[in-house]
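If you're wondering where the values come from, they're calculated on a predicted model, not measured in any experiment. In the text below, chain A, chain B and the rest are named by the order of the sequence lines, each starting its count at 1.
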There are 2 protein chains.
Amino acid sequence: MALPTHPEHRPDDRPGERLAALASLLADETRAAFCLALLDGRAWTAGELARYARVAPSTASEHLGKLVAGGLLTEERQGRHRYVRLADPRAAHLVEDLAAHTAPPRASPYTLRAASASAAMARGRTCYDHLAGRLGLAVTDAMTVRGLLRQDTGFALTDLGVEWFGEQGIGLDRTGRRPLVRPCLDWTERRPHLAGAAGAALCRHVLDTGWCVRIGSGRAVKVTPRGERALYEGLGIEPRILR
Amino acid sequence: MALPTHPEHRPDDRPGERLAALASLLADETRAAFCLALLDGRAWTAGELARYARVAPSTASEHLGKLVAGGLLTEERQGRHRYVRLADPRAAHLVEDLAAHTAPPRASPYTLRAASASAAMARGRTCYDHLAGRLGLAVTDAMTVRGLLRQDTGFALTDLGVEWFGEQGIGLDRTGRRPLVRPCLDWTERRPHLAGAAGAALCRHVLDTGWCVRIGSGRAVKVTPRGERALYEGLGIEPRILR
DNA sequence: ACGACTCTTCGGCCGGCGCCGAACCGTCCC
DNA sequence: GGGACGGTTCGGCGCCGGCCGAAGAGTCGT
């Protein structure tokens, strides 16, 4: 027996349907705040997000339901906690891209605490799974002037760059469907920095080797003394840029 | 006298505000349909868009007001017409990207007319200002295998590729802030094709030299016999791929 | 000057959705 | 077992926003 399809229903007669549905997920201020918070790549609990966005737990729960159903987030239940994170690099990319389109960075922060926190964020932070902030830019720029990355005719590693990753002992996974290299336009600095599988591998490497450490539990990262030496020797990055 | 700023208003206390505002523009089915239609890069009148999306002229007018105010569209008044187009390549890129995230391409078209129209679209079309469809992919792939473009470690023209543009007499404008080359992930074919300033220059070139012509007034383009020869001789593209 | 045409403004309607609090369920810890 | 805690479900409230039709303003052609 055939499904009772309405005769007037034409499949492509509503060109904007899917696009609107996707955009709707981010069209709410609370959900947008959730996604921006999750750009740090970590898993947050529902309660953390609720407090962060200053809404009732019940409200947050409903929003998370929509974001998960929409495929933007994945959840992981552990005991009485509901951990939630961006579903995959594609979802992170989407949020990044949209955020990058939201015009000017905001004015100077009000409190001292906020000022020092945002200064740390400006120095170095992670953006989902790669390095961003001045640190991310410094690495990207250093790789560019050293001929490891070319930005003048697109955005791609050179042969030299691929070699360099090998020398550093950073494995490049070229199997997945994820692009090896892509630019990520950060919304404070207005210039692209290295993202994609290579960017993620590099970020993992600098954290694993102790070149950088996370500050507290947030997105901000700090370069260690050892990391300063390594970045200077390996890429010619002046330590003072990172301070 | 100071402005009566509310003391509790903290500027970065609403992280998702801007993102949500931007997403809201596309979160309506009618507005989304408008933007998708405008991806052809042409200027549409308000009435055309209203008929296309099947809403009253008054409704369309209101939507256009929002899209223009949000910076996604620009308008140009001519007599009693209001011509509207995507504001810039960045806006087009945004819509493309979001559209690319909306999952699977839809099922086979119902009517014969729609089938032949979408077949023409699949063969070749423009996506804002560059080539897409099988034609766009064929060009991108041919450039890749000939070493003009590298996609394995990112997405960038090679030196050979820059040279090739020069040989073809296609000027590459590297002054603007627009990236020279970027990938555009099309939402029917799931692979990237050449976009950015170079993609636009190439598209302009094939239309100017008569290698391709637009079919009717839409986005679909057709390769001329002369174009077939040129594409075969210049890039080794088999004519049958384009049929 | 007149009518045809395009677009805009306004009022009003309606549905959807974001929000909360209360009640409830399950987990963890004493 | 009892209490604290995290999350969810449900009902209800209020508002925002998309839709239309009617009326009006500006433009073009005859």
Side-chain angles (χ1 to χ4, degrees), chain A residues 13-38 42-70 72-85 217, chain B residues 8 13-38 42-70 72-85:
Chain A
D13 204 21
R14 301 173 62 181
E17 193 177 12
R18 310 179 76 90
L19 176 53
L22 177 60
S24 296
L25 290 177
L26 293 171
D28 173 78
E29 196 172 324
T30 301
R31 284 196 297 269
F34 283 6
C35 291
L36 288 176
L38 289 165
R42 295 180 311 143
W44 292 50
T45 68
E48 282 171 338
L49 287 170
R51 284 188 298 276
Y52 172 74
R54 307 184 190 233
V55 291
S58 55
T59 304
S61 179
E62 287 170 0
H63 284 309
L64 291 181
K66 293 187 185 184
L67 288 168
V68 169
L72 232 47
L73 267 45
T74 52
E75 64 185 15
E76 207 171 319
R77 312 262 177 164
Q78 276 181 27
R80 54 184 168 184
H81 293 282
R82 178 195 208 176
Y83 285 98
V84 76
R85 63 169 73 237
S217 60
Chain B
E8 288 187 19
D13 204 19
R14 300 173 62 180
E17 192 176 14
R18 310 180 77 90
L19 176 53
L22 176 60
S24 296
L25 290 177
L26 294 170
D28 173 79
E29 197 172 324
T30 302
R31 284 196 297 269
F34 284 6
C35 290
L36 288 176
L38 289 164
R42 295 180 313 145
W44 292 50
T45 68
E48 282 171 336
L49 287 170
R51 284 189 297 277
Y52 171 73
R54 310 183 189 234
V55 292
S58 55
T59 304
S61 179
E62 288 170 359
H63 284 309
L64 292 180
K66 293 187 185 185
L67 289 168
V68 169
L72 232 46
L73 267 46
T74 52
E75 62 184 19
E76 207 171 319
R77 312 261 176 164
Q78 277 181 26
R80 53 185 166 184
H81 293 283
R82 178 196 208 177
Y83 285 97
V84 75
R85 64 169 71 238

Test item: B:Arg82 and B:Leu64 side chains (from C-beta on) under 4.5 Å apart, heavy atoms
yes
Please give, in whole Å, the distance from C:dT27 C1' to A:Tyr83 OH?
13 Å
Presence of A:Arg82 side-chain N/O under 4.0 Å of D:dC5 phosphate oxygens OP1/OP2
no
Degree of bending in the helix from C:dA1-D:dT30 to C:dC30-D:dG1 once both end axes are built from five pairs, to 10°:
30°
Sequence neighbours left out, what passes salt bridge (Lys or Arg N to Asp or Glu O under 4.0 Å) with A:Glu29? Give chain and number order.
B:Arg14
Would you mind reporting whether B:Arg51 and B:Arg54 have side-chain heavy atoms less than 4.5 Å apart?
no
Can you measure from CG (A:Leu72) to CG (A:Leu22) and round to the nearest 0.5 angstrom?
6.5 Å
Tell me the interatomic distance from A:Arg77, atom CZ, to C:dC25, atom C1', rounded to whole angstroms.
12 Å
Rounded to whole angstroms, how far apart are NE2 on B:His81 and P on C:dT8?
12 Å
Apply side-chain contact (heavy atoms from CB on, under 4.5 Å) to A:Leu67 and A:Val84, showing your working.
CA-CA 10 Å; A:Leu67 288 168; A:Val84 76; over 6 Å; no
Look for any protein N or O under 3.5 Å of an N or O in nucleotides 26-29 of chain D and output each such pair with its distance, or none.
residue	atom	partner	partner atom	Å
D:dT27	O2	B:Arg80	NH1	3.4

Once you round it to whole Å, what is the distance between C1' of D:dC20 and CZ of B:Arg51?
18 Å
Distance check, rounded to the nearest 0.5 Å: A:Arg31 atom CZ versus A:Leu25 atom CG?
6.0 Å
Are the side chain of A:Ser24 and the backbone of A:Ala20 linked by a donor-acceptor contact shorter than 3.5 Å?
yes
Produce a footprint string for nucleotides 14-19 of chain D: one letter per nucleotide, 5' end first; B if the base is under 4.0 Å from any protein heavy atom, S if only the sugar-phosphate is, - if neither.
---SSB
Give the minimum heavy-atom separation between B:Phe34 and B:Ala60, together with the two atoms involved.
CZ-CB, 3.8 Å
side-chain contact (heavy atoms from CB on, under 4.5 Å) involving A:Ala21 - partner list, sequence neighbours excluded
none
Which residue pairs pass the ring-ring contact (aromatic ring centres under 6.0 Å, His included) test with at least one member in residues 45-70 of chain A, sequence neighbours excluded?
A:Trp44-A:Tyr52
For B:Leu36 and A:Gly16 the tightest heavy-atom approach is CD1-CA, 4.0 Å
Distance in angstrom units between B:Leu67 CG and C:dT8 P, rounded
13 Å
